[in-house]
Amino acid sequence: MFMSSVTTAPFILDGIAIASQIKSELAVEVAAARDHGYIPGLAVILVGEVPASQIYVRSKVKTCAELGIYSEMHTPPASSSTEELLHLIASLNARESIDGILIQLPLPAHVDTPRLLEAIVPSKDVDGFHPINSGRLLSGFPTAKVLAPCTPAGIMEVLRRSKIPISGQRAVVIGRSNIVGKPAAAMLINASATVTICHSQTQNLAAITREADILVAAIGRPGFVTLDMVQPGATIIDVGINRITTEAELERFFPGDAARRASFDKRGSTLVGDVDPAAFAVAGAYTPVPGGVGALTIAMLMANTVKAARLRRG
Ligand code: NDP
């Protein structure tokens, strides 16, 4: 069992290894589904040509192929109206071979995003953003029966598979977005942690975060959580993905780190999470960036697609 300690080096929670383990398990499940006469199917909708979104979507489609999941991509133009996109969603809702529908966010500003997310039939909502699925998560439905948002579900997989105690522990989540912060807090409550959610208006933030046995940072600000905000021995889950491009940032976050320097010189940028890497030194365990929570998100999307296929067939 994992034991946090301030006297030993912090334990690195390897998101890539955990994601790979989950994908291996899913490949077996998909093969079993095929034996039962069905193939889980995912439809991805990418509106317009946002380069970052194109990369994410390609990677989702590629992972489907690796696991034997059927996938198809729909690429309506950026000028598409909400009504046109609603029509596409309705056709996918009606198709038996499609188990999951994912709308790659963000959508163009003129599109009514909440309306589209609510138009996906909840049983195919593999992103877990539909209010019915959020409600089920908050109501404490069994995990096996809820399509929950992928990034927080990935956080829970990291904690559980690393045998980090959750029940009775003090968890602090910084960030209250519908995509990460709120569902992460709901999942931690369901797992019997005592949870505090912090946000931009929280007073005395550091005093609260220092009480955390499990600290989840989902803020979107490079290196926001500093050493003085962390309880020694805490588990830090760094959800942030921030690209830094300046020498000053590189020196601030990765002083003397030759590998980062080499990668920065090659690409002109590198990634840092919402936690200052210096703060990891006092942690009991932490997710690195990259290679931590980010690696889990696509694996959990695949898991939701397989789960949706199973649940729809009873
Ligand atoms: P949002 O911008 O939607 O939410 C950020 C949250 O941080 C808000 O609740 C905001 O508070 C809070 N916040 C901002 N400034 C402060 C502050 N000074 N003190 C305390 N809280 C603050 O971001 P997301 O939740 O979508 O994403 C968070 C991070 O996670 C980003 O870095 C993103 O890139 C990353 N991410 C990573 C994923 C992955 O796969 N690993 C997936 C999704 C996101 P308020 O509500 O008051 O404004």
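Counting convention: from 1, in listed order, for ligands and their atoms alike. Values in this document were obtained by computation on a predicted structure and should not be read as measured data. No hydrogens, no waters, no symmetry mates; every other heavy atom, side chains included, goes into these values.
For atom 10 (C) of ligand 1, the closest heavy atom belonging to the protein is S200 N, 4.3 Å. Annotation: atom 36 (N) of ligand 1 to nearest protein heavy atom, V239 O, 3.8 Å. If you check which protein heavy atom lies closest to atom 24 (P) of ligand 1, you get S177 OG, 3.7 Å. The protein heavy-atom contact nearest to atom 9 (O) of ligand 1 is R176 N, 2.8 Å. When hydrogens are left out, the protein atom nearest atom 2 (O) of ligand 1 is I219 O, 4.3 Å; that is the closest non-hydrogen contact. Ranking the protein heavy atoms by distance from atom 20 (C) of ligand 1 puts H199 O, 3.1 Å first. The shortest contact between atom 27 (O) of ligand 1 and any protein heavy atom is with V180 CG2, 4.4 Å. Nearest protein heavy-atom neighbour of atom 33 (C) of ligand 1: I241 N, 4.2 Å.
Residue-ligand proximity: T202 is placed with every non-hydrogen atom at 4.0 Å or more from ligand 1. At least one heavy atom of A218 sits closer than 4.0 Å to an atom of ligand 1.
Listed by atom number, the atoms of ligand 1 under 4.0 Å from G175 heavy atoms are 6 (C), 7 (O), 9 (O). Annotation for ligand 1: atoms under 4.0 Å from non-hydrogen atoms of G294 are 40 (O), 41 (N). Proximity to D274 (heavy-atom distance under 4.0 Å) selects the following atoms of ligand 1: 29 (C), 32 (O). For ligand 1 and I174, the ligand atoms under 4.0 Å from any heavy atom of the residue are 20 (C), 21 (N). Short contacts between ligand 1 and N242, defined as distances under 4.0 Å to a heavy atom of the residue, involve ligand atoms 32 (O).
Of the residues I12, I236, V230, the one that meets the side chain to side chain contact (heavy atoms under 4.5 Å, CB included) test with F280 is I236. Of the candidates D238, I237, V225, L215 forms a side chain to side chain contact (heavy atoms under 4.5 Å, CB included) with just one, namely V225.
A heavy-atom distance below 4.5 Å is not found between the side chains of K23 and I298. Put simply, the side chain of I120 does not reach to within 4.5 Å of the side chain of F129, judged on heavy atoms.
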* Intermediate values then yes/no, salt bridge (Lys or Arg N to Asp or Glu O under 4.0 Å), R260 and E251 -> CA-CA 10 Å; R260 283 285 185 163; E251 272 312 304; over 6 Å; no
* Start with the C-alpha gap between R170 and T196, add the side-chain angles, then the distance that decides, and say whether side chain to side chain donor-acceptor pair (under 3.5 Å) holds. => CA-CA 8 Å; R170 181 77 197 265; T196 305; 2.9 Å; yes
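Of all the listed residues (D238, T151, T209), T151 holds the heavy atom that lies closest to atom 42 (C) of ligand 1. When the options A295, P290, P222, G220 are ranked by their closest heavy atom to atom 31 (C) of ligand 1, first place goes to G220.
A donor-acceptor contact shorter than 3.5 Å links the side chain of N304 to the backbone of A148.
Of the N or O atoms in T297, one or more lie within a sub-3.5 Å distance of an N or O in ligand 1.
Taking a 6.0 Å sphere around NE2 of H87, one finds it holds 12 or fewer heavy atoms contributed by other residues, nucleotides or ligands.
Put simply, OG on S200 and CD1 on I174 are 12.0 Å apart, with the number rounded to the nearest 0.5 Å.
Side-chain N/O atoms of T270 and R261 include no donor and acceptor closer than 3.5 Å.
Ion pairing between a basic and an acidic side chain is recognised when a charged N comes within 4.0 Å of a carboxylate O; E249 and R243 show no such pairing.
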